[in-house]
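Lettering follows sequence order; numbering is per chain, from 1.
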Number of protein chains: 2
Amino acid sequence: MKKEFLYNEIAGNIAHQIRNGVLKTGDRLPSVRMLSAQHGIGINTAKRIFLELESQSLIEPRSKSGYFVSMPRYMRLPLPEASKPLAVARNTEPNELIDSVYSNMARKDLTLFSIGVPSGDLLPLAKLKKEIVLATRGLKDGGTEYEPLQGNEKLRRMIAARSLNWGGRLKDGDIITTNGCMNALVLCLMAVTKPGHTIAIESPCYPGILQLAVSFGLKVLELPTHPVTGIVMDAFKKLLPKIDACLLVPNFNTPLGYCMPDGHKKEVVTLLAQKGIPLIEDDTYGDLHFGAERPKCCKSFDKEGNVLWCGAVSKTLAPGYRVGWVAPGKYKDQILRMKLIQSLSSTTIIHEAVGNFLLTGRYDNHLRQLRKTLQENYNRYAQVIANHFPQGTKISQPQGGLALWMEFPENIDTAELYNDALKKQISIAPGRMFTLQDQFQNCMRLCIGLPWTDSLGLKLQQLGKLACNL
Amino acid sequence: MKKEFLYNEIAGNIAHQIRNGVLKTGDRLPSVRMLSAQHGIGINTAKRIFLELESQSLIEPRSKSGYFVSMPRYMRLPLPEASKPLAVARNTEPNELIDSVYSNMARKDLTLFSIGVPSGDLLPLAKLKKEIVLATRGLKDGGTEYEPLQGNEKLRRMIAARSLNWGGRLKDGDIITTNGCMNALVLCLMAVTKPGHTIAIESPCYPGILQLAVSFGLKVLELPTHPVTGIVMDAFKKLLPKIDACLLVPNFNTPLGYCMPDGHKKEVVTLLAQKGIPLIEDDTYGDLHFGAERPKCCKSFDKEGNVLWCGAVSKTLAPGYRVGWVAPGKYKDQILRMKLIQSLSSTTIIHEAVGNFLLTGRYDNHLRQLRKTLQENYNRYAQVIANHFPQGTKISQPQGGLALWMEFPENIDTAELYNDALKKQISIAPGRMFTLQDQFQNCMRLCIGLPWTDSLGLKLQQLGKLACNL
């Protein structure tokens, strides 16, 4: 009895350490003899433990070298291939689907795998509240006055200072603040496009960008996009003559989570500058890198001022604060005019509070923790997906950000899965939302910015079961 | 010597009481005999005092009844005539002028007669700060989450409740909140117009509306507008076949301050509904009535849901809060879609705080005080204008709101006055800003939402002197 107990406990502990990344892929385990000596168990029990772990695909024997931690099964889940949208602009908006998914966002009874922002549980609420109270009390006019047109000076200074992290050399005067990143994109599109223009974007693409482009009367050209490296450069070059403007999310793009290699970024910036085609760069996710380094932006390679670099704290700090910005390069006058016309001012108090928050260095502490959580979450999600979702499911390997993209076998329609899941209080974002074309019906996006709990894991398992039943 | 001193003192005291409204137009003054007895002065001295006051136009004799306080001279300043814009759309934006005027807005060294919002000194800062602190602490997520798409429920409920004041019957479900009123107008224009459409507006018109319309590729048709009753109905009816959409500010419009008579409002609503032409109504100033009654809106007469009624607290409570709304009638779905695309959410904390503020009834207390101040300010401004501005100056008689409109003799160019005034640390809004046509070069708008002080009065006198020198 005691032996059986020990056997279970030791096997469980090792499995736990592997699943939680204490032991990592390729780590060598102790030998049978060492394990036996360490825990006072017999050689056969130690052998049984390794066989048990091997049967769970957690470890693998390598000839004459002992046991090693396996590449986890979820790491061996295949990647989706690069997307293959039509090379012509198509504008069939999946409005009904989008309306339905967005209408769930405020429902507290749902597990919202469909959201595109981090859950409040992952945000530094107490510190943010404190900053707002301080800003409210500290501002002489209580924040009732409009800001200067270009935006809060402190906030602009801090954004400029942070540009060093990605090889930028921005000054506060280069930056204009906005009501969140969507507002920055609105101003950029109004400043550099005209109805009838063709805009090139990634595919799949954030639905808000698709809708925005359509609402401005633009033709939307979806570019073939690879889940690890982003837009396919050959296709991009071939389509270049058709393009009047370009809007990319090169770092940890939602839904794919890829990060464009520096070489691609540089080439895109050079090609577009040569043709005089403006590049709107949405870098909202750039600070959410899983790797050690903050990736560069297209803006890092912008010598001509042709890149309108947009960002926000909506995905890292507080979606509901509506704090975003744009460094519009040579389009600064147009953007200032558009801001004057469209909004005059952002919310004075909140922009002041975020400026102060960035000033203290608390932002970086928070980002470190958030990135760790998101990466761990991805691993946990992937593990459940490997074990509970249909055979043949492919998943993205995001290098940062909040999204995980899944591609099911072709017979599975995620619009159907969406309906089934909703009946079980689960909301997902079906793939068709992320295109204006007839694509991605067997795909979906899951938000990994939710706090991991046993019950979240069970919900994800339940979702997998629903998919298996389709 | 003593007699001369007494004479000056008594005349000065009476003049002071008249100028400060202690004695009001039509009040009867004591008889010569009574004045003599009251002050122990001779009959002839008393007579001289009355003659002196009469020569200042402060009092007037009425046959056999003695002396009465005169209609003050400024009340007899003539009104500008109704505007006469061309009956075709012209789009020459006075951008340079607008840029220059707006760039002064944040300068603390200027007397900003050019602003279009109340000064912070007239706002309930302490109470507002308290509400924000309470909202920040009270919201479970610290306001970091997005609001529901339609906006803060409490705020919508309070706006709906207040619609009773103008004969509205709105429910919270009829209202969508926005980032201030300009954002509401943006959403409305995007929802009901297409580039190339013709939009009818008042003339003179708020520059933000002109710029917005031009930026959306609309043709702008300026309507002849009377300074007391608003758009000239005959001209409006004649131009109706040319119009695709209409944007009016019927209550205390900036810069004219007029209030459209109910009959006109009703007729405009009926005519537009018959033709299926949407009416965007900007009612941001509606609560700033100088008279006892809150005026009705066009929306009050809207049976077809054809009026998109927009409002905000930007002109009454806090410009920098960006709290606005629209009750879009039958265009609700389009507006919700546009809000989803353009902004997703307003600033959660601030909208919650304003919702709470409206709930307490403090808003009405504040409005009462603000209205009183604005009306008193108008009288003070008008008095200075009557005494220190060029002969032949005409001024509006606003029935509410924040603006006073002046028309100088034709030889005075207010763009020139603007330059001269800026050298004296005074900023004004030249008339040419308020049109896309070749009009109003001899006009300007002054903000009456500044706290009245002796030094403000002197600045206004100085401005008058500059105008006299042109």
Side-chain angles (χ1 to χ4, degrees), chain A residues 95 98-99 102-103 105-106 115 117 119-120 123 125-126 128-130 132-133 136-137 139-149 179-180 182-183 186 190 194-195 208 211-212 214-217 314 317-323 333 336-338 340-350, chain B residues 95 98-99 102-103 105-106 115 117 119-121 123 125-126 128-130 132-133 136-137 139-149 179-180 182-183 186 190 194-195 208 211-212 214-217 314 317-323 336-338 340-350:
Chain A
N95 283 341
I98 291 177
D99 289 349
Y102 275 89
S103 72
M105 295 299 188
I115 59 171
V117 293
S119 155
L123 302 174
L125 299 189
L128 289 171
K129 286 183 179 190
K130 202 173 149 196
I132 294 195
V133 170
T136 305
R137 292 193 176 140
L139 286 167
K140 194 168 151 277
D141 63 356
T144 55
E145 282 184 27
Y146 292 137
E147 299 178 324
L149 182 57
N179 300 318
M182 279 310 285
N183 182 232
V186 167
M190 292 201 73
K194 285 204 170 64
Q211 293 194 306
L212 203 54
V214 171
S215 80
F216 283 124
S314 308
L317 209 55
Y321 281 13
R322 315 317 289 128
V323 175
D333 286 350
L336 273 177
R337 171 163 304 283
M338 284 301 146
L340 173 64
I341 294 175
Q342 287 245 344
S343 61
L344 280 171
S345 172
S346 298
T347 309
T348 307
I349 291 173
I350 306 286
Chain B
N95 283 341
I98 291 177
D99 288 350
Y102 275 89
S103 72
M105 295 298 187
I115 58 171
V117 293
S119 154
D121 297 300
L123 301 175
L125 298 188
L128 288 172
K129 286 183 179 191
K130 200 173 150 198
I132 294 194
V133 171
T136 306
R137 293 195 174 138
L139 285 167
K140 194 168 150 280
D141 62 358
T144 55
E145 283 184 27
Y146 291 138
E147 300 180 322
L149 182 57
N179 302 319
M182 279 311 283
N183 182 233
V186 167
M190 292 202 73
K194 286 203 170 61
Q211 293 194 306
L212 201 56
V214 171
S215 80
F216 283 123
S314 308
L317 209 55
Y321 281 12
R322 315 318 288 129
V323 175
L336 273 177
R337 170 163 304 284
M338 285 302 146
L340 172 64
I341 294 175
Q342 288 245 345
S343 62
L344 280 172
S345 171
S346 299
T347 310
T348 307
I349 289 173
I350 306 287

Can you tell me how far the [atom1] atom of [X] sits from the [atom2] atom of [Y], to the nearest 0.5 Å?
X	Y	atom1	atom2	result
Thr136(A)	Leu128(B)	OG1	CG	10.5 Å
Gln211(B)	Gln342(A)	CD	CD	11.5 Å
Asn179(A)	Asn183(B)	CG	CG	7.5 Å
Ile341(A)	Ile98(B)	CD1	CD1	8.5 Å
Tyr146(B)	Tyr321(A)	OH	OH	13.5 Å
Thr144(B)	Leu125(A)	OG1	CG	5.0 Å

Heavy-atom pairs under 4.5 Å with chain B are the metric here; pick the option from Ser343(A), Gly143(A), Gly208(A), Pro148(A) that has the most. Gly143(A)

Chain B contact via Ser346(A) - side chain, backbone, both or neither, heavy atoms under 4.5 Å: backbone

Contact part of Asn95(A) toward chain B, heavy-atom cut-off under 4.5 Å: side chain, backbone, both or neither? both

Please classify the contact of [X] with chain A as side chain, backbone, both or neither, using a heavy-atom distance under 4.5 Å.
X	result
Tyr102(B)	side chain
Glu145(B)	both
Leu340(B)	side chain
Ser119(B)	neither
Lys140(B)	backbone
Asp121(B)	neither
Leu149(B)	neither

Counting heavy-atom pairs under 4.5 Å with chain A, which one of [options] comes out on top?
options	value
Leu344(B), Ile115(B), Thr347(B)	Thr347(B)
Pro195(B), Gly142(B), Ser103(B)	Gly142(B)
Ser314(B), Ala126(B), Ala318(B), Gly120(B)	Ala318(B)

Answer yes or no: is there a donor N or O on one side and an acceptor on the other, between the side chain of Arg322(B) and the main chain of Ser345(A), under 3.5 Å? yes

For Leu139(B), is there any backbone N or O sitting under 3.5 Å from a side-chain donor or acceptor partner on Lys129(A)? yes

